[in-house]
Structures are given as C-alpha cells and as structure tokens.
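A short write-up of the structure that comes next.
Since the model is a prediction, treat every value here as computed from it, not as a measurement. Both backbone and side-chain heavy atoms feed into the values below; hydrogens, waters and symmetry mates do not.
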Amino acid sequence: MKKLINDPRAVVGEMLEGLVSLHPGLALLEGEAVVMRSDLPADPAARQVAVLSGGGSGHEPAHAGYVGPGMLHAAVAGDVFTSPSTDSVLAAIRAVSGPAGALLVVKNYTGDRLNFGLAAELARSEGIPTEIVIVSDDVSLRDTVEPSRRRGIAGTVLVHKVAGAASASGASLAQVAREAAAAASALGTMGVGLGACTVPAAGRPGFSLGEDEIELGLGIHGEQGVRRVPLQPANVLVDTLLSAIVDDQHLGTGDRVVLLVNGLGGTPAQELAIIARRALAFLRERGLSVERAWSGEFLTALEMPGCSLSLLKVDDERLHRLDAATSAPAWPGAGRLAPARRIAPARTVPHASSPTESRPADMEPVHQALLAIAEAFDAAEARLTELDSAAGDGDLGISLVRGAAAIRALPPSAWTSPARALLALSEALRRAIGGSSGPFYATALLRASRRLAEHPQPDARAWAEAFQAGVEAVAELGGAGPGDRTMIDALRPAADIFSRELHAGGTPAEAWAEALLAAERGAEATARMKPRLGRASYLGERALGLPDAGAEAVVVWLRALSRFIR
C-alpha cells in the first residue's frame, strides 16, 4: 500500500485537522470527528434550522467540504467507509442546533440509518426538534431491491445544497425537510468503476479486475458493482448510465434537470470532461433541458478510478435553491451552461492560391513514398509509445499516427512539385502533431522545402542538400547535437553519409542503404547515452538501456523510404 499517510488509525483525525486548518470558516468540535461552521450565533435561539450530514470517511470532499453558509452546519465523520457513532452524531446536533431544530441528511446504508436515527431520537428526547431525510439515489439497484432500500450515493450532495439553501432562507424545519425529501425523490445516480480502491486499514484493494473489465452500478465503499462488463468507450458508458437514470426517473421531453458528473477519486479531470461532453449531448438528444451541470470530485471512494452521473429534476424553486450563494469549500459554483457549445472562428492567414490540377506523373513516387511513411508510423505506434513512456511522456506513438493521418489527408494541391509537397506536409504536421515532434518535423520540412525549391527538377544531390538543411533546422531549434540522446543521433549520421556516398559516386540506393545503416546504429547507441536534453534528461541514468524514441522514429521513416530510392 502506497499512501501519503502517517498511521492508518490516525487518517480521519489528521485529515479533518488539515481541512479545518485550511478553511477559517470551519471548526472542529472538541473531542469529536465533527466539522462545523465557525460562524454560528452564540445564542442558539438565533440559529436557523441546522442541516447535518456525514458518514464514513474516504468520500472527500464529502462531507466536511460542504459545511458552510448556505449548505451544511456540520458534518460527522466515521472511520473510512464506517458510519460515525450515535454519540458523535448527537454531539454534532447539540453543537449546531437551536430551537429551530435540525435536519439530518442520511445516505441509505444500514449503519448510517441506525446511528443517525438513534441520535435523532435522543435529540428529540432532549427537546431538539429533529427530522431525517434518507437519500437512496442509486438506480443501479432498481432490479435488485425495492426503492426504499437503494443506496445513497453522489447525488446526496445536491440534497445538501437544496436543504442548506432552504435553511439559509429562514424556512421552518418542516419546510426544509419537505424540500430535501422532494429533492431526494427526484434524484437518480449510477456509477461505473474501472478498478478498486484500497482502504488504509486493509492495505490491499477490495477486488480485482481484468485489464478489459469494469464494474457497472457500484456504490461508494469500494465494493463491486451490480455486474461486471467489458471495458467500453466513454460514450457507450455514458449512454448506459443515463439511460438507466432517465428510465428510472421517468424523465422525458421538456423535463428540466441538473447534471452532476462525479469522479470517484482516481479519475482525471480530462476523462470527466469527456464524460460530461457526451452526457450533455445525450440529455439534449432526449429532449431534456439541462439547467445546470457540474463536473469534478464531489463524493468519492478514496482513489477508485471511475465516475458516477446524477440527474435531479428541477423546477424554478429548486433551481433557486441550487443557485443560492454558499461558501462551503467544496461546492463547485454556479454550474451555468451556454445554450450550445461555443465555437469561436479561427483567424487564418490567407495563402496565395494553389494549383489544383492533377498530380504530375513524376510526383507519383513522392506521393507513394509519403504514404509508405504513414503506414510505417501506424505499424510502429506501440513500439514508439513503449519507448517514449520509458523516458518521456508516452505520446510519440499517437503523435506520429496523427501525422500519418495528416499525410493521407494532404490535398491535391500538395502534389504539384517536391518542394510544394514538403511545404504542405510541414503545415499539416504542424497542425496535427503536438509536443516536441510537431515543431521539429514541421521546421525540418519547411527548411528542406525551401532548399528543394532552388532546384526545379531536383536530383539525388538536391534531395541530399534538402535532407541536410532539414537536419540543421532540427539541431538549431532544439539545441541538440550528437551524443545528447535525441533524434539528432539518428538524423545527423544519416544525412551526412547519404551526402558523402553520393559525392563519392555511389548510386542513390547504395547511398541510402548506408545512410539507413548509420541511422540504425545511431539510434541503437542512444540506449547507452545519458540524456542531456528533453524530458528524458530528468531521469539521468535511469533512462539507460532503451533507445531514444525520437531516434527510433527517424529509423522508421528512413526505412520506409528505402524502396523508393533508385
């Protein structure tokens, strides 16, 4: 188990201390794992209806992150995935409530219901009016258990917001409870897990999945889902989750909803944005009006990879509660959407008109050679990704696959002359390939194109000059030289030997074969070089043992050209 903790037994206490230290609006209740508002009136009679929630820890930022004006008055934390004790809940009720009473928002788990329920009964016996709203929003259990026994999961956060805003407006306990219960009944959530999480006290993952397996319909305690299915594209998963929610909640054309895209703790914001993209499109395709949407981590399961989607049906009153101001640290903000995705027009630089006549016969070999490079890039993707992942960021393989697609998409106007072909390819790769590869190849091709344009009918020596010019451009742009463990270690010897062999009287094919051999040796030698430039340089000697991915990529396209050099 690798976690940034001190002692598994101290996780909850130290976490709460850190949270309260970061947010001056929060306070710890002495002797309890309870986070409460620090700004409550000293006179209980002056307090609004207190809204409390909580449960096991491991769901951060829930529940303590939602304590603040306009949301919760207190959150009670148990051990990881364990309900807090009755006494802790009762202590929290006593600490934050007054004659206006308290509402407990409880997720539908046995431990939570028992402990919060008993605490509510004890609070009533002490004269504190107390109500409970149970959240059971997990629609994945609709074919397994009756609605009253479904789990409460991420949609609970939206109930927190509705209840907190109602309290802040001065509503009575009965009104706050009524609005919270109505929101809970209009709420549906379903999740998908790509892997398990590790409870600190257990020290090992709760279950194991194959490389191509996922869990559909899981809860928030590291448990397995309702069923295990093969890994599917994000769009398919979103459609599956939302179809279940929409059907369960009987949502149809014209209904107004808000959307919560919730990461389970180990899902990058990048992936959540992809999920949100499809979710919004799906709902609009179904004729639903998405009034608000939020994406992020709201109620997690430690470091579990995966997400859940929640839909809450709204009207003007409920939307007003969701829009009401709050300073709770974890509430994400307004969630307002544009009516449609905005696309700003790109500013382009006009080019001189290009010829569009059919490709000259002598350009057919150039066209076929570049198509061969595209095929070679596709075939080498896995190998280049592996090499780049070992010492870089792992994007070279997919970058060159994008380059291959750009080659195939070159317009007819690109094939009017060799210089024009290289210029068009430079522009295409500049747009298609990010990272460092795009600028390097685009610069090399641009420089080579200019050199080749000096020769209306370029022969092998003209191509050699263009090759040399391209290599010089890469060296100047990146500042690398031979021995630095970069693509230059393959490019430089190849360009030098191709030119040398031609001037020595060799045929182009013979010269190219020698150039390729030199590039292969140069790339192989990088495995023994300590990197001096680029991301690999951060690894130092740990990068030794495998050749540089950029140098290997050079060998890939040089080899692809071999059968076209005559």
L237 side, atom CG; L231 side, atom CG - distance, nearest 0.5 Å: 7.0 Å
Closest approach of L561 to A369 (non-hydrogen atoms, all atoms of both residues): CD2-CB, 3.7 Å
Pairwise distance CG(D484) to CG(D548) - rounded to 0.5 angstrom: 10.5 Å
H59 ring center within less than 6.0 Å of F298 ring center: no
Closest heavy-atom pair and its distance - A421, V366: CB-CG1, 4.3 Å
Check against side-chain contact (heavy atoms from CB on, under 4.5 Å), D496 and Q468: CA-CA 7 Å; D496 288 348; Q468 287 279 16; 3.1 Å; yes
Side-chain (D239) to main-chain (V236) donor-acceptor, under 3.5 angstrom: no
L259 versus A279, closest heavy-atom pair with distance: CD2-CB, 3.8 Å
From CG (L425) to OH (Y441), nearest 0.5 Å: 11.0 Å
N/O donor-acceptor pair under 3.5 Å between H503 side chain and S499 backbone: yes
More than 12 heavy atoms from other groups under 6.0 Å of CD on Q270: no
With sequence neighbours excluded, residues passing ring-ring contact (aromatic ring centres under 6.0 Å, His included) with F440: none
R9, CZ atom: more than 12 neighbouring heavy atoms under 6.0 Å: no
Value rounded to 0.5 Å, distance of CD in E60 from OG1 in T300: 6.0 Å
Main-chain N/O of A372 paired with E375 side-chain donor or acceptor, under 3.5 Å: no
Heavy-atom neighbours of R408 CZ exceed 12 at 6.0 Å: yes
Side-chain heavy atoms of L309 within contact of V238, under 4.5 Å: yes
Atom pair CD1/OG1 of I245 and T189 - distance to nearest 0.5 Å: 6.0 Å
Side-chain (D489) to main-chain (T526) donor-acceptor, under 3.5 angstrom: no
Under 3.5 Å: donor-acceptor pair, side chain of E454, backbone of L452: no
Residue pair S308 / N262, side-chain donor-acceptor N/O under 3.5 Å: yes
Donor-acceptor contact present, side-chain S295 to main-chain A276, <3.5 Å: no
Close side-chain approach of R286 and S243, heavy atoms under 4.5 Å: yes
For the student: nearest non-hydrogen atoms of L558 and A519, plus distance: CD1-CB, 3.4 Å
Backbone of G225 reached by a side-chain donor or acceptor of E215 within 3.5 Å: yes
Worked verdict on R228 versus F207 for side-chain contact (heavy atoms from CB on, under 4.5 Å): CA-CA 12 Å; R228 186 168 294 188; F207 58 89; 4.2 Å; yes
I398 side chain near T385 side chain, heavy-atom distance below 4.5 Å: no
Residue pair C307 / V192, side-chain heavy-atom distance below 4.5 Å: yes
Criterion side-chain contact (heavy atoms from CB on, under 4.5 Å) on L302 and V199, from CA distance to verdict: CA-CA 8 Å; L302 293 172; V199 176; 4.2 Å; yes
Carboxylate-amine/guanidinium contact R383 E386, below 4.0 Å: yes
Set of residues satisfying ring-ring contact (aromatic ring centres under 6.0 Å, His included) with respect to W294, sequence neighbours excluded: W331
Minimum heavy-atom distance between I5 and P200, given as atom pair plus value: CD1-CB, 4.3 Å
ring-ring contact (aromatic ring centres under 6.0 Å, His included) between W512 and F498, intermediate numbers included: CA-CA 6 Å; W512 194 259; F498 183 56; 5.0 Å; yes
L422 backbone acceptor or donor facing S449 side chain under 3.5 Å: no
Side chains of L241 and L216 in contact at under 4.5 Å (non-hydrogen atoms): yes
Between NE2 on residue H455 and CD on residue Q457, distance to nearest 0.5 Å: 12.0 Å
Ion pair check, E291 and R336, cut-off under 4.0 Å: no
Heavy-atom side-chain proximity of V474 to M487 below 4.5 angstrom: yes
Residue pair L283, L311: steps toward the side-chain contact (heavy atoms from CB on, under 4.5 Å) verdict: CA-CA 10 Å; L283 295 171; L311 293 179; 3.7 Å; yes
Side chain proximity check, L194 to L209, heavy atoms < 4.5 angstrom: no
Carboxylate-amine/guanidinium contact E476 R447, below 4.0 Å: yes
Carboxylate-amine/guanidinium proximity below 4.0 Å for E472 and R492: yes
Neighbour count >12 (heavy atoms, 6.0 Å) for atom CG, L477: yes
Distance-minimising heavy-atom pair for A404 and F377: CB-CB, 4.2 Å
E303 side chain to T198 backbone, donor-acceptor under 3.5 Å: yes
Whether E14 side chain and V12 backbone form a donor-acceptor pair below 3.5 Å: no
Within 6.0 Å of CZ in R521, more than 12 heavy atoms from elsewhere: no
Check ion pair E520-R559 (N to O, under 4.0 angstrom): yes
Heavy-atom side-chain contact between W463 and P508 under 4.5 Å: no
